[in-house]
Number of protein chains: 2
Amino acid sequence: MGNSIYEVRRRAVLALARSQVRVDALLVSRGADVGYLSGFSGDDSLLLVGVGLACLITDGRFAEQAAAECPDLEVIVRSGPMSTAVAGVARGHKIRRLGVQGGHMTLAAQAALGAAVGARCRLLAVGEVVLGLRAVKDAEEVRSIRRAIGIAQRAFRGLIAGGAKALSGRTEREVAAELDYRMIRGGADSPAFDTVVAAGAHSSLPHYRPGRARIRPGQAVLLDWGAWAGGYSSDLTRVVFIGRIPPELAEVYEVVLAASQAGLAAVRAGVSAKAVDRAARAIIERAGLGERFIHSLGHGLGRGRGNAEVHEPPGIGRLSAARLRAGMVVTIEPGVYLPGVGGIRIEDDVLVTAGAAVKLSTLPAAASAMVLR
Amino acid sequence: MGNSIYEVRRRAVLALARSQVRVDALLVSRGADVGYLSGFSGDDSLLLVGVGLACLITDGRFAEQAAAECPDLEVIVRSGPMSTAVAGVARGHKIRRLGVQGGHMTLAAQAALGAAVGARCRLLAVGEVVLGLRAVKDAEEVRSIRRAIGIAQRAFRGLIAGGAKALSGRTEREVAAELDYRMIRGGADSPAFDTVVAAGAHSSLPHYRPGRARIRPGQAVLLDWGAWAGGYSSDLTRVVFIGRIPPELAEVYEVVLAASQAGLAAVRAGVSAKAVDRAARAIIERAGLGERFIHSLGHGLGRGRGNAEVHEPPGIGRLSAARLRAGMVVTIEPGVYLPGVGGIRIEDDVLVTAGAAVKLSTLPAAASAMVLR
């Protein structure tokens, strides 16, 4: 068991943490990070990683599950406060310098833990070393993401197979719920984040929440959805047209599609994330729509789930400092939003390699393929 | 607009913060808190509250929405980092002592903000004053919770109306997905958290995630679900029996039901949360099952959504320090879990008043009503 993938990851994370700040051990508190480093799939549990130390601190609700999922870990089932339990392990292992996840631990959690460990143990904030390690996927992880993409794509294809009448006359929310239901029946554990279905002018709000508006013939409908399956997420966006392409969006669509292609073509190991953003953004700026592209081009994709965590490093935007590395999986999602009119966004998921990017999502993107009759 | 409910809440929160620590203004970062104090329903935005200051800092994705939802707020659409934008407002309003949410702000966010505001402005962690205010609901909020409960109950009734064959032979995940779909068709904006459907021995894991196991005749199936609608959550649990009550769970069910009734009867303004937990727990302990009740009796319920946030103050457990106040809405959810056999949990939502608690959920709980034929 000592050479499990989790053990290898824990060693790497500890080394990365120690390259930032001298610590005896690292306390991992972000749920997705705990799972990545232990195989544990429950919540509300912390992982303490040190040399010869891998200890999961959980509570009674997860005791059975932790024992089954993490046979190579020391599992502590706390009954008192989490901070007391962590302090007990720190004392037992003579930890004097304990790293904590600065990007996840709150000020209140730090205060409680600091009081519990006392003066003999210092808490030291460590940067996002686990997210950094997570950014580069191994073959098994890429397979999981492919599977999550496949589930999302089949759900979308199933939805639009009914043609215009599968959407027209229904509310945005009903369509979103059907897409979610299809993903789960197709093998997802849950949607990866809140599914967006935005009809007509609503699509100019990039994070619109589907509402009671009924979809009408002639409208553009933006769908942004993904599946979470086996611990990994997919994230896709398409705009479909009910019967015809609204004339005021036809040209915008072609601009966004060209930007998507330019972005995808720019993805390659060694390239700066900023340069990828620029490649796509330049197309939109050249069309005079630069001010209508109001977000970053893309983001890393992996274990993160939910609106807040599905966006992982590397960010691909104007201000990004990251450089792409082989094994990263990122979204490329240029968008143009015309307030009161509508928005177009096209989002695909790609694997970075030393050569041309491998597009993992395979839905067509041509406007003609998106017209539902 | 100056006397909107949001304005009243902002004044109260500022006063509460100042009763803890001297601050010129409070930076509100938790999304549900931002919405509670502003009416804004988007994400990734912060609210700065001071005397004569109510400023929402958002980004281009939410600019249109913020203007529409928060007409009485100053809205700043940032293009650079959040910390820079906050620092700009702090400078403009001569804020020297800025409160931050200690229970939400991370160490990394504090470090970035501290660097941006510089030496002339101190950051001071404030306790959970917004959650404290949120714990007591006004009439409009209670109506919203009632509506979220009604949606969840109708979805459950619709699901089990089909009798045993509505569940038997289907996977846990399919049943969970159908319950979610029914809630959304019934008016929910989303499920309030990940729906639990746990069949047979799986129900002994209180936070089991529904899987590919097929539900079989003779099994007990635990369902824990809720709707999120109009910004408020419901949270319910029932155990249904496919055809018959498994003999090994019959007595346990009656113990949990009696504990539920004792807990509900103990809820009243002025009573300590600990005493309510004790009233229910005593029944389970008397039956010799105290060690199988491995979690708290209940928790506050309101705007929180998602597995991590649906549990709000007050916690109702053995270690709780809270005292119940009129207007609080809490869950009462005793449970007994027998590893390898199964678990029983019954969860209802109640409103605390000066007199007897008002049970907001109205599903039957008697074992006989839970047998599907």
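Because the structure is predicted, anything quoted here is derived from the model rather than measured. Because only heavy atoms are used, hydrogens play no part in the values below, and waters and symmetry mates are left out as well, while side chains stay in. Chain letters run A, B, ... following the sequence lines, proteins first and then strands; every chain starts at 1.
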Contact origin within [X] toward chain B - heavy atom pairs under 4.5 Å:
X	answer
D194(A)	side chain
E128(A)	neither
A308(A)	neither
T171(A)	neither
R173(A)	both

Selection from [options] maximising heavy-atom pairs under 4.5 Å formed with chain A:
options	answer
A176(B), G102(B), A108(B)	G102(B)
P191(B), S41(B), S79(B), G343(B)	S41(B)
Q110(B), Q65(B), H295(B)	Q110(B)
S204(B), G42(B), A112(B)	S204(B)
M183(B), R212(B), R318(B)	R212(B)
I184(B), D180(B), V100(B), L319(B)	I184(B)

Which heavy-atom pair separates [X] from [Y] by the least distance, and what is that distance?
X	Y	value
V34(B)	F40(B)	CG1-CD2, 4.4 Å
A152(A)	A227(A)	CB-N, 4.0 Å
V23(B)	L98(B)	CG1-C, 4.2 Å
E174(A)	Y181(B)	O-CE1, 4.3 Å

inquiry  = Within 45 degrees of the ring normal and closer than 6.0 Å to the centroid, is that where the cationic atom of R147(B) sits relative to Y232(B)?
reply    = no
ask   = Quick check: does any side chain N or O of Q20(B) sit under 3.5 Å from a backbone N or O of G127(B), one acting as donor and the other as acceptor?
value = yes
With a 3.5 Å cut-off and no angle check, do the side chains of [X] and [Y] form a donor-acceptor pair?
X	Y	value
S190(A)	R305(A)	yes
R61(B)	Y337(A)	no
E172(A)	H202(A)	yes

Select one option (side chain, backbone, both, neither) describing which atoms of [X] are under 4.5 Å from chain A's heavy atoms.
X	value
T195(B)	neither
A188(B)	backbone
R170(B)	side chain

inquiry  = Determine whether D235(A) and H311(A) satisfy the following criterion, side chain to side chain donor-acceptor pair (under 3.5 Å), listing intermediate values before the conclusion.
reply    = CA-CA 10 Å; D235(A) 188 355; H311(A) 291 203; 4.7 Å; no
Most contacts with chain B, counted as non-hydrogen pairs under 4.5 angstrom, among R185(A), H104(A), Q101(A) = H104(A)
